[in-house]
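Only heavy atoms go into these numbers, but all of them, side chains included; no hydrogens, no water, no symmetry mates. Numbers restart at 1 for each chain; the letters A, B, ... are given by sequence-line order, proteins then strands.
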There are 2 protein chains.
Amino acid sequence: MARKPKLETVAKEAGVSTATASQVMRGAGRISDATRKKVLEAAHKLHYVPDGRAASMRSGINREIGLVIHQIANPFNAEVISGVSDLLEAEGFLVSVLDSRDDVERQRRNIQAFIRNARGGLLWVPADDTDDTTYDLLRTHGIPTVTFLRHLPSEPFDHVGIRDADATRKATEHLADLGHRHIAFLGGKSRSFVRTERIAGYSDVMQERGLAEPLVWDTEDDKMSGMEAMVALRAAHPEVTAIVCNGDMVAIGASLALQKIGQTPGHDVSIVGFDDVQDAAVSTPPLTTMAVSPYQLGRKLAQIMLDRLQAPDTPPTVTQVAATLITRSTTGAPPAG
Amino acid sequence: MARKPKLETVAKEAGVSTATASQVMRGAGRISDATRKKVLEAAHKLHYVPDGRAASMRSGINREIGLVIHQIANPFNAEVISGVSDLLEAEGFLVSVLDSRDDVERQRRNIQAFIRNARGGLLWVPADDTDDTTYDLLRTHGIPTVTFLRHLPSEPFDHVGIRDADATRKATEHLADLGHRHIAFLGGKSRSFVRTERIAGYSDVMQERGLAEPLVWDTEDDKMSGMEAMVALRAAHPEVTAIVCNGDMVAIGASLALQKIGQTPGHDVSIVGFDDVQDAAVSTPPLTTMAVSPYQLGRKLAQIMLDRLQAPDTPPTVTQVAATLITRSTTGAPPAG
DNA sequence: AAAGATTGGTATAACGTTATACCTTCTGTC
DNA sequence: GACAGAAGGTATAACGTTATACCAATCTTT
């Protein structure tokens, strides 16, 4: 196993100086076709891969972008990651993903590690309860940062989000139009900006249309919790005929629970999800949900990062992506009587 | 926004040399408590974070581990990632994840980027059809590598896998014990080592017990493909009363398709999945499947990496994790007649 | 009190790139 | 054939750490 080749090895092999070899590798400077070819051949022959640490240290440029997210396994998030990667990789960046698992401490370690390695930029879904020190750290070290999905209270960075209030508004109006009066909001636990917005959109419609008092029911955002919550909600509030969910997984859980007790989603109780995850279309019955294209969101995110890297000193921007209602089979008119 | 502090800044602030400051930060050398305290205070005051590029370049040590996997969104894989991160982060490593999406070209770029940044090690599920050049690259650059789940044909690295043949053997025996004679193997397309092993375990039982000729049916490993395949398989081979699947998603798809045509999984046709994904327990009916604990697999993987980093020159090892049969509701005796 | 050991600290040369400045040849022009 | 300018290359000093070697005190031991 040969020693790891460095630029000097390549230069020697090609019979030129390291300066020349460097220029060839970067496609910079004025180099004749003949020497360029010599160098490239030598590099290829030796399996040369430049050392990015040295390069980025000297040049001050690092084409590695980090993505810190609260849950890697979530299919929505996975699509976002695909969108980000596709665009950034096409521009020659490397995207590496860290899972904070919504743990502030783990997140702090991850971000610290980022700074250590002086990454080129950070795409970030802040964990719930993220404290100021974490983003102070990013600011003082001047890491170009774009947050998404979740807002920070005082927003010092670029942000890409969903028009959340608008989305739950549409969902609630859809249910109201079908004739529902007792509509609950189900899912989420935190007082995050996003959830607050969603609850606001829902509550607004409930009041504007003179429907029942808003009813918000907390749960974790997974299928199992959705099932348990549905059972509990039925028991506590039998008058509820429709629910707006904070996520598709909760919604699918609720739908399953309903069927387990012999009721039909979209008939006995109507359910609107949020996210349009892949399973939403193929679950039984297919789920009515609010869709945002996570892939497009990812691309948008990547674009904002590229813009930021181009113009580091422009003020932070906020971009919002609209959600659209996808009507499937879990919503319908309330049961008679 | 202050200039990014470097060791020199800290040293100056504390009134010592950079050598001393460095030793304090690393907890190395012989330093009095008084100066140690001075330096630490200065570092804290300035929000100093050491530059890992410079450090790893000089020391030759990089506590960043990369994980290249074929599908980030897969819940099984996500659990593996959790297991890996928990153990390695406890040891002070940073784990960053790259999604190859089973694309050889993307994978090559990812791994090349890894080498560029001289990461400390690579945990890797090779994409299908990975060619020799990719792992030659790893070898010539001396990156400590552990492959998992998927074998490379000639295995030059440590490997952690599932006892695949043994697993499908157990699954097939379970079905045979229930009285099935016509059992098919469903799922997967590639001639990967893993799938070959699984088919071997299945085929062996079919022959040992004198059951029907082995029947292998190719598909993609997702839910939708499982549905389509089930329909096609029923049409082509109505005598089949049980199937062993290459993955839970295919199995769940098959189960759904069966119910769509009015049949009952576990009664009309028995189904055994593979992986025990989260959905397996909550799908209707709950899926009988072969389970390996992905979290434990992840920890094992991390441990092998740590061992490898300790002893770079020992020969590669192969570790296998057993799968256990989880009996739920999709298996039962074959229909009478 | 001389020799050795220990303690606490520092100067300096790497690590592998790239940016800058500079140095040779060549051309072509008058 | 003198001179400007371009074309093609190279020497060298950074970038921010850490490992090595070394030094100057202070403390033992005999």
Write down the distance between [atom1] ([X]) and [atom2] ([N]), rounded to a whole number of angstrom.
| X | N | atom1 | atom2 | answer |
| --- | --- | --- | --- | --- |
| A:Ile61 | C:dT17 | CD1 | C1' | 13 Å |
| B:Met57 | D:dC15 | CE | C1' | 7 Å |
| B:Asp51 | D:dA14 | CG | C1' | 14 Å |
| A:Arg63 | C:dT17 | CZ | P | 18 Å |
| A:Leu7 | D:dG9 | CG | P | 15 Å |
| B:Asp33 | C:dG8 | CG | P | 8 Å |
| A:Ile31 | D:dT10 | CD1 | P | 8 Å |
| B:Gln23 | C:dG8 | CD | P | 12 Å |

Under 4.0 Å: is that the gap between some side-chain N or O of [X] and OP1 or OP2 of [N]?
| X | N | value |
| --- | --- | --- |
| A:Arg26 | C:dA19 | yes |
| A:Ser32 | D:dA7 | no |
| A:Thr20 | D:dT10 | yes |
| A:Ser59 | C:dT18 | no |
| A:Tyr48 | C:dT17 | yes |
| B:Arg58 | C:dA14 | no |
| B:Ser22 | D:dT18 | yes |

**Study point:** A:Ala19 side chain, from C-beta outward: closest of D:dG8, D:dT12, C:dT17
**Key:**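 The answer is D:dT12, which lies nearest to the side chain.
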Considering only nitrogen or oxygen atoms on both sides, find all protein atoms under 3.5 Å from nucleotides 22-28 of chain C and state each distance.
none

Practice item. For the residue pair B:His70 and B:Ser100, confirm or rule out a side-chain donor-acceptor distance under 3.5 Å. Key: no
Check your understanding: Is it true that the side chains of B:Thr134 and B:Gln107 contain a donor and an acceptor less than 3.5 Å apart?
Key ->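 B:Gln107 and B:Thr134 do not have a side-chain donor-acceptor pair below 3.5 Å.
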Check your understanding: Given that B:Ala21 and A:Pro50 both sit by DNA chain C, which one's nearest nucleotide is further toward the 5' end?
Key -> B:Ala21
Review point. Between B:Ala54 and B:Thr18, which has a closest nucleotide on DNA chain C that is more 5'?
Key: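 Nearest-nucleotide comparison on DNA chain C picks B:Thr18.
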Review point. Under the side chain to side chain donor-acceptor pair (under 3.5 Å) test, which residues partner B:Arg308, sequence neighbours left out?
Key: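 Partners of B:Arg308 under the side chain to side chain donor-acceptor pair (under 3.5 Å) test: B:Asp158, B:Thr314.
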Taking [X] for its side chain and [Y] for its backbone only, find out whether a donor-acceptor pair lies under 3.5 Å.
| X | Y | value |
| --- | --- | --- |
| B:Asn62 | B:Ser56 | no |
| B:Asn77 | B:Gln71 | yes |
| B:Arg195 | B:Ser190 | yes |
| B:His141 | A:His47 | yes |

Check your understanding: Base, sugar-phosphate, or nothing for B:Ser56, non-hydrogen atoms under 4.0 angstrom?
Key ->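 The answer is nothing, as B:Ser56 stays clear of every strand by at least 4.0 Å.
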Practice item. Start with the C-alpha gap between B:Phe148 and B:Val80, add the side-chain angles, then the distance that decides, and say whether side chain to side chain contact (heavy atoms under 4.5 Å, CB included) holds. Key: CA-CA 10 Å; B:Phe148 64 107; B:Val80 173; 3.7 Å; yes
